[in-house]
Amino acid sequence: MTNLTPLLTDLYQLTMSAAYWKSGKSEQEAVFHLFFRRLPFTGGYAIAAGLADAVEYLRRFRFNAEEVAYLAKLKGNDGTPLFESGFLDYLRDLRMTCDVDAIPEGSLVFAHEPMMRIRGPVVQAQLFETALLNILNFQTLVATKAARVCHSAKGDPVIEFGLRRAQGPDGAVMASRAAYLGGCAATSNVLAGQRLGIPVKGTHAHSWVMSFDSELESFLAYAKAMPHNCTLLVDTYNTLDGVRHAIEAGKTLRTKGHDLAGIRLDSGDLATLSLEARALLDAAGFQNASIVASNDLDEQLIESLKQQGATINIWGVGTKLVTCYDQPALGGVYKLGAVRGSDGEWDYKVKLSEQVAKISNPGIQQIRRFKVDGKIVGDCIYDTELPREGPWTAVALDDPLKQIRYPDNSGEDVLVPIFRAGKEVAELPPLPAIREHTLSQLASLPDGTKRYLNPHIYPVGLEEGLHQKKLDLIKAARAAATA
């Protein structure tokens with residue numbers, strides 16, 4: 001990502017920071033949590049992504065002279081400088097000293113669970129909010145969409161084809177990364193391949209065919225130019241005639257010691273055309289030639305084509321993957337959980353709302369995840385500072401009258417240390433290893449939770465002590481508001 005600068009923020013983060021500084025609160029210790037309230041795509045899970053870019057942003061975090069000079073030019077409503085020179089000096093000397101814990105990339109994550117926990121001076125933690133949300137929201141959304149698409153393909157390779165429809169150059173590269181992390185086998189995006197080591201794949205466009213006097217002539221020329229990478233787009237004029245012409249080009253390839261890699265379908269009735277194309281290819285002796293399909297695919301359409309018996313074995317998914325067409329934003333938020341009081345004790349905080357789902361969870365949160373026979377069975381959000389005894393029990397987030405009991409001694413914490421006092425303490429894995437972690441995580445998820453329609457609700461609860469703390473804070477806040 002090219003714009004990893006402290007100025008990648010909303011102005012109100014800076015005005016709040018200036019007010020913290022002016023109030024003498026800039027170094028007050030605080031804890032923030034980054035999370036989302038609702039699972040994307042009406043699904044049953046999400047895949048955490050974007051941590052590597054978030055770490056790079058935090059690693060680089062400092063205001064340079066040019067950035068401070070820009071802030072010095074900003075004016076308030078009365079035309080005077082928006083920021084005092086003392087505050088600008090403070091920003092110039094600011095260095096990241098926070099503790100940061102996060103869910104590893106490729107891990108399953110559910111609604112209301114902290115994907116990242118920031119603990120440190122309140123100004124620093126406040127200034128991180130916008131950029132971290134920008135990075136993690138988008139990549140988590142794309143990685144989740146990719147996981148759903150790949151699940152629908154049932155083991156067939158999925159190639160991400162979305163560069164031309166992505167939201168700008170940075171968005172395109174981040175989407176390619178997240179799609180690969182989520183399970184895609186390759187991308188058409190050469191820049192993402194060069195920067196991130198993602199395998200790159202591609203065929204040719206209709207313009208290639210149209211530039212020749214005949215389709216067969218174009219196929220023969222392409223086969224001559226790319227004998228070792230010959231997948232032919234067959235639907236420029238008539239799809240089945242295109243398949244026959246591809247077979248002719250394939251026969252010519254064989255005389256040169258090469259073979260036809262496959263054909264690509266980009267329009268029409270993909271189920272019927274793939275069956276007819278497969279019959280033609282097989283009858284001509286090209287049983288190993290792949291059938292690639294594209295044309296505004298998503299998980300729902302791929303699942304339908306599978307149910308119809310389509311003989312497609314490679315899927316090119318573009319627009320609806322990289323733009324997350326049916327849900328263009330994750331809606332992640334960043335909320336204060338606690339501040340350190342003048343007495344050295346934590347003062348827990350809760351945000352009230354008329355909407356129950358928007359009432360925040362207080363404290364210094366961690367996620368405990370439980371497994372039975374290799375399958376995850378439930379998560380418990382607990383507070384690292386509150387005492388806890390006996391078996392793990394929680395109150396379900398989706399039903400405050402429902403208690404969740406977890407298997408004893410089988411859980412492990414999900415958030416892991418990334419920074420301590422501003423110093424990196426974690427070595428992040430390479431992208432292929434993150435992709436393998438995603439696949440392993442999905443294999444541990446019960447099948448019902450992976451359904452597209454009415455998925456099973458994975459049990460996530462608030463540990464009983466933390467739930468009671470939250471209730472007490474809500475009652476106190478409401479009483480204070482009406483006093």
Side-chain angles (χ1 to χ4, degrees), residues 1-3 8 36-54 105-106 109 115 130-153 157-193 195-196 198-203 205 264-267 270 292-305 314-333 431 435 438 452:
M1 185 176 176
T2 58
N3 295 312
L8 182 65
F36 55 87
R37 298 188 179 108
R38 185 179 301 170
L39 285 163
F41 315 114
T42 65
Y45 67 91
I47 299 295
L51 180 60
D53 284 318
E105 286 194 279
V109 61
M115 293 176 61
T130 299
L132 293 179
L133 285 169
N134 175 276
I135 294 166
L136 295 177
N137 272 340
F138 179 64
Q139 293 199 46
T140 296
L141 193 66
V142 176
T144 304
K145 187 68 169 179
R148 290 165 59 86
V149 168
C150 292
H151 179 67
S152 70
V158 174
I159 303 173
E160 177 266 304
F161 274 1
L163 173 57
R164 65 188 60 196
R165 305 282 173 77
Q167 315 294 20
D170 272 356
V173 174
M174 293 175 80
S176 295
R177 180 184 186 277
Y180 182 68
L181 183 158
C184 289
T187 179
S188 66
N189 186 340
V190 179
L191 181 59
R195 287 187 178 176
L196 303 171
I198 303 172
V200 291
K201 299 288 183 182
T203 58
R264 178 161 72 96
L265 306 173
D266 191 49
S267 61
L270 295 179
V292 183
S294 47
N295 189 29
D296 286 337
L297 298 175
D298 63 9
E299 66 270 39
Q300 310 286 353
L301 183 51
I302 292 173
E303 183 173 60
S304 174
L305 289 167
I314 299 176
W315 305 86
V317 185
T319 303
K320 292 188 176 181
L321 171 54
V322 302
T323 66
C324 298
Y325 202 77
D326 43 341
Q327 184 180 326
L330 180 62
V333 294
L431 190 55
R435 182 177 181 273
T438 301
Y452 303 133

Under the criterion side chain to side chain contact (heavy atoms under 4.5 Å, CB included), which of Thr187, Leu163, Val142 is the partner of Ser176?
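One option only clears the test, and that one is Thr187.
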Report yes if some heavy atom in the side chain of [X] is under 4.5 Å from a heavy atom in the side chain of [Y]; otherwise report no.
X: Cys324; Y: Phe138; value: no
X: Val158; Y: Leu297; value: no
X: Leu39; Y: Phe41; value: no
X: Leu305; Y: Trp315; value: yes
X: Arg435; Y: Leu181; value: no
X: Leu321; Y: Phe161; value: no

For [X] and [Y], which heavy atoms make the closest approach, and how far apart are they?
X: Ser294; Y: Leu270; answer: O-CD1, 3.6 Å
X: Leu136; Y: Ala54; answer: CD2-CB, 4.4 Å
X: Thr144; Y: Ala46; answer: OG1-CA, 3.4 Å
X: Ala179; Y: Glu160; answer: CB-CG, 3.9 Å
X: Ala185; Y: Pro157; answer: CB-CB, 4.1 Å
X: Leu191; Y: Val173; answer: CD2-CG2, 3.8 Å

Between [atom1] of [X] and [atom2] of [Y], what distance do you get to the nearest 0.5 Å?
X: Asn189; Y: Ile159; atom1: CG; atom2: CD1; value: 13.5 Å
X: Leu431; Y: Tyr180; atom1: CG; atom2: OH; value: 6.0 Å
X: Leu132; Y: Asp53; atom1: CG; atom2: CG; value: 11.0 Å
X: Arg177; Y: Leu196; atom1: CZ; atom2: CG; value: 7.0 Å
X: Met115; Y: Glu105; atom1: CE; atom2: CD; value: 9.0 Å
X: Asp170; Y: Met174; atom1: CG; atom2: CE; value: 7.5 Å

Counting neighbours of CZ on Arg165 that are heavy atoms of other residues, nucleotides or ligands and sit closer than 6.0 Å, is the number greater than 12?
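Not buried by this count: 12 neighbours or fewer within 6.0 Å.
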Using the salt bridge (Lys or Arg N to Asp or Glu O under 4.0 Å) rule, pick out the option among Arg148, Lys320, Lys145 that qualifies with Asp326.
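That would be Lys145.
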Would you confirm whether Thr140, through its side chain, and Ala48, through its main-chain N or O, come within 3.5 Å as a donor-acceptor pair?
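Judged by distance alone, no pair lies under 3.5 Å.
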